*Asks:* 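Dumping the structure here so I can ask a few things about it.
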Protein chains: 2
Amino acid sequence: MARKTGADGRVTAEAILRESLSLFAQYGFATVSMRQIADKVGVQPGAIYQHHRNKQQLLVAVLDTHMDGLLKASAENQQGDCTSVQALERFARFHIQYHITRPDEVFVSYMELRSLEEEGYALIEGKRRKYERILKSILERGVSDGTFQLDDPHVSAMAILSMLTGVNTWYRSGGRLSQQKIEDIYTSMVLGAVGHRLPDTHS
Amino acid sequence: MARKTGADGRVTAEAILRESLSLFAQYGFATVSMRQIADKVGVQPGAIYQHHRNKQQLLVAVLDTHMDGLLKASAENQQGDCTSVQALERFARFHIQYHITRPDEVFVSYMELRSLEEEGYALIEGKRRKYERILKSILERGVSDGTFQLDDPHVSAMAILSMLTGVNTWYRSGGRLSQQKIEDIYTSMVLGAVGHRLPDTHS
DNA sequence: GTCTATATGAAGATAGAC
DNA sequence: GTCTATCTTCATATAGAC
């Protein structure tokens, strides 16, 4: 009794991903129970197992959805010809924008890598590497055409990604600075870090 | 029977902190059980409650020990007169060294902030802020004496800290690059990011 | 300071009805 | 696709002996 009739499987599936993400972000994967997720979605715990084999696979689905979105959006962002500097600036602004507008996804993606078992870890880590390679390629191009001055594109790429992603540790919307201003500051710092300087950064 | 006699409380206390840190780093606070910790230490679960009121207070103790060590070491590092550039370079090298040699402490300190309840969070966050202020002060000094070019010392400080701390996400000892080389790369990037350039960075 | 024993609760996952 | 009911396991924490 009290069983839902006419429920839409797709709607439930999306709700499970959405609420899992939100709960994982707030409390951490390990502390969130299937019951909590089911409550938020408005179904019984057992219903989740219709969509995911177990809790681990649910986490993999959440992270995989995020990584696919990130890779797709970043591919669209890098279309068209441009100089190395333009490519780097475009990458930096894209990364900040994408991350700043999806705090939960980003937070969970970074925090819960450790909660992944071998198979899921390999999948997600592979996609992370793919994303890192986009930046690394931009840096390598800038080094070979003499635009950037840096010793090691791989290390610089990792350093830049840490810096950019770190914006999520302190940024809260509605704060002192506009999103545009934050983008400007970070972009300028990134260009400086690779040995290039924006003409009129400092007003 | 089989009860330990002549056990040293101080030794046990230290072992609890050490093994907790190690387990929290490996599996995450939420997944580690008091039993696991007790097993590693070589005592019974109940014995841990002689030293910590509950699991939450144990985490606070672990993080607090780390923060105190960091603040003490960084205070010692910043002694003596120096220019803004020297201070920034010294800070960057210190931060990298300290973090690279304590991967577990750093990892847990960043990952488990979320696991802290209100009171413990306030304590640890206060000490984090204190550490951040050291860098922010260096940047402010560099701006006012014209050495650095940046719009917002607070944001720049956060960005630099993210970048420097991020070294722990990829660095593994015995890798391709020496610790010294990594310090050099990061220091050079930090100086570039604040609008200053090292004379002979690029060899 | 450490032990054994245990109270109490909640977790992940499954079975089978509707 | 969702429900109820339940199996099994393991968690934190406490009590009281030595």
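Bear in mind that the values here come from a model prediction, so they are computed numbers and not experimental data. Note on naming: letters A, B, ... go to the chains in the order of the sequence lines (proteins, then strands), and numbering restarts at 1 for each one.
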*Asks:* Looking only at side chains, do B:T12 and B:H51 share a donor and an acceptor under 3.5 Å apart?
*Replies:* no
*Asks:* Measure the distance from CD1 on A:I48 to P on D:dC3 and round it to the nearest whole Å.
*Replies:* 10 Å
*Asks:* Atom CD of A:Q50 to atom P of D:dC3: distance rounded to whole Å?
*Replies:* 11 Å
*Asks:* Compute whether any side-chain donor of one residue and acceptor of the other, for B:D104 and B:S22, lie under 3.5 angstrom apart.
*Replies:* no
*Asks:* Set out, in order, the CA-CA distance, both residues' side-chain angles and the distance that settles side-chain contact (heavy atoms from CB on, under 4.5 Å) for B:F148 and B:L88, then state yes or no.
*Replies:* CA-CA 10 Å; B:F148 303 149; B:L88 181 55; 3.7 Å; yes
*Asks:* Assess the side chains of A:Q179 and A:Q97: does a donor N or O sit below 3.5 Å from an acceptor N or O?
*Replies:* no
*Asks:* Are A:E125 and A:R129 ion-paired here, with the side-chain N under 4.0 Å from a carboxylate O?
*Replies:* yes
*Asks:* Scan nucleotides 7-14 of chain C nucleotide by nucleotide, 5' to 3', and note B when protein non-hydrogen atoms come under 4.0 Å of the base, S if they reach only the sugar-phosphate, - if neither.
*Replies:* ----SBBB
